[in-house]
Undergrad: 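One structure is given below, represented as structure tokens, and several questions about it will come after.
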Amino acid sequence: MAIALEDIVPFGRSADEYARMFALSAADLDSGIVGIGDGPASFNAEMSALEKAVISVDPLYCFSAEDIETRFHAVADDIIAQVRATPDDWVWSYHRSPEQLKANRLQALNRFTADFAAGKAQGRYRTGELPDLDFPMGRFALALCSHLLFLYSDHLSYDFHIASVHEMLRVADEVRIFPLLTLTGAPSPHLHPLLHHFERAGFEVALASVDYELQKGGNQMLRVSRAASDTRATSSSHPL
Ligand SMILES: C[S@@+](CC[C@H](N)C(=O)[O-])C[C@H]1O[C@@H](n2cnc3c(N)ncnc32)[C@H](O)[C@@H]1O
């Protein structure tokens with residue numbers, strides 16, 4: 001499916017935010033991670049600098065770093081204005097203010113754009129999209145999906161969510177998704193049906209509280225695992 005840059009909000013998070021959102025342990029970081037819908041997050045760039053193997057997949061990667069940067073600057077002030085207009089919907093314990101939120105998103109974007117050409121050449125940034133991933137079965141230990149599934153529940157159907165999580169479980173032993181709220185801050189209507197679907201299908205499913213909250217009430221991630229004996233740590237004491 002062709003994607004239009006105008007449809008995308010290229011706001012990306014840092015490696016520290018990823019570590020908190022997904023309660024990533026030191027063992028997780030060494031395990032082989034694929035980030036689905038990583039967009040202009042700096043997770044991959046920062047992990048690469050630490051010599052950790054991360055592959056990011058996003059339809060956005062068909063565009064140039066300059067195009068992505070231009071799109072960021074076209075939408076950033078509007079988004080920050082929307083945040084400012086809804087003060088009760090946000091928790092300012094991590095980003096201290098809307099202005100700092102924008103500065104942090106810009107810092108992530110700058111780290112991403114500085115790394116994009118080299119990362120693309122090394123195969124760390126792959127153009128692709130859910131619900132079909134171009135990887136063999138079991139290629140990764142962990143698939144992370146931040147601010148795509150559940151968040152865009154009004155745009156992405158329940159069936160799309162089910163197919164996407166099955167596909168991530170095909171390529172990775174475990175899937176972690178954050179947040180579980182929609183863009184309006186409401187619990188996603190897809191969450192509980194999806195949770196029951198994967199429980200019934202024999203997967204391990206768990207909701208976990210994490211050390212990150214920007215959308216008020218958005219401090220939980222979903223873990224779905226196809227390895228019944230999975231013992232990887234998900235301690236909230238993250239290593240970054
Ligand atoms: C709000 S951004 C989140 C970026 C990053 N995960 C983060 O949290 O910092 C959502 C990303 O999902 C990507 N996206 C949209 N549709 C997708 C799909 N079908 N499969 C994978 N990624 C998709 C967009 O291009 C965008 O980069």
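Worth saying up front: this structure is predicted, and the values here are computed from it rather than measured. Counting starts at 1 for both ligands and their atoms, in listed order.
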Undergrad: With only distance considered, is Leu130 within less than 3.5 Å of ligand 1 through an N or O on each side?
TA: yes
Undergrad: Using heavy atoms and a threshold below 4.0 Å, how should the contact between Pro59 and ligand 1 be classified: side chain, backbone, both, or neither?
TA: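 Side chain only.
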Undergrad: For atom 24 (C) of ligand 1, state which one of Asp58, Leu156, Leu144 supplies the nearest heavy atom.
TA: Asp58
Undergrad: Give a yes-or-no answer on whether the side chains of Tyr94 and Glu213 include a donor-acceptor pair shorter than 3.5 Å.
TA: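 There is no such pair between these side chains.
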Undergrad: Enumerate the atoms of ligand 1 whose separation from the nearest heavy atom of Gly12 is less than 4.0 angstrom.
TA: 9 (O)
Undergrad: Can you confirm whether or not the ring centre of Tyr61 sits under 6.0 Å from the ring centre of Phe116?
TA: yes
Undergrad: Of all the atoms in ligand 1, which lie at a distance below 4.0 Å from a heavy atom belonging to Phe160?
TA: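 The atoms of ligand 1 under 4.0 Å from a heavy atom of Phe160 are 19 (N).
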Undergrad: Please find out if less than 6.0 Å separates the ring center of Phe112 from that of Tyr125.
TA: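 Yes, the ring centres sit under 6.0 Å apart.
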Undergrad: Measuring from the heavy atoms of Tyr18, does anything fall under 4.0 Å of ligand 1?
TA: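 For ligand 1, residue contact (heavy atoms, under 4.0 Å) with Tyr18 is present.
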Undergrad: Exactly one of Phe150, Tyr152, Phe198 should register a ring pair (Phe, Tyr, Trp, His ring centres under 6.0 Å) with His161. Which one does?
TA: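 By the ring pair (Phe, Tyr, Trp, His ring centres under 6.0 Å) criterion, His161 pairs with just one of Phe150, Tyr152, Phe198: Phe150.
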Undergrad: Just by distance, no angles: are the side chains of Asp67 and Ser64 close enough, under 3.5 Å, to form a donor-acceptor pair?
TA: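 Yes.
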Undergrad: Could you work out, for atom 11 (C) of ligand 1, the closest of Gly39, Gly37, Pro131, Ser146 by heavy-atom distance?
TA: Gly37
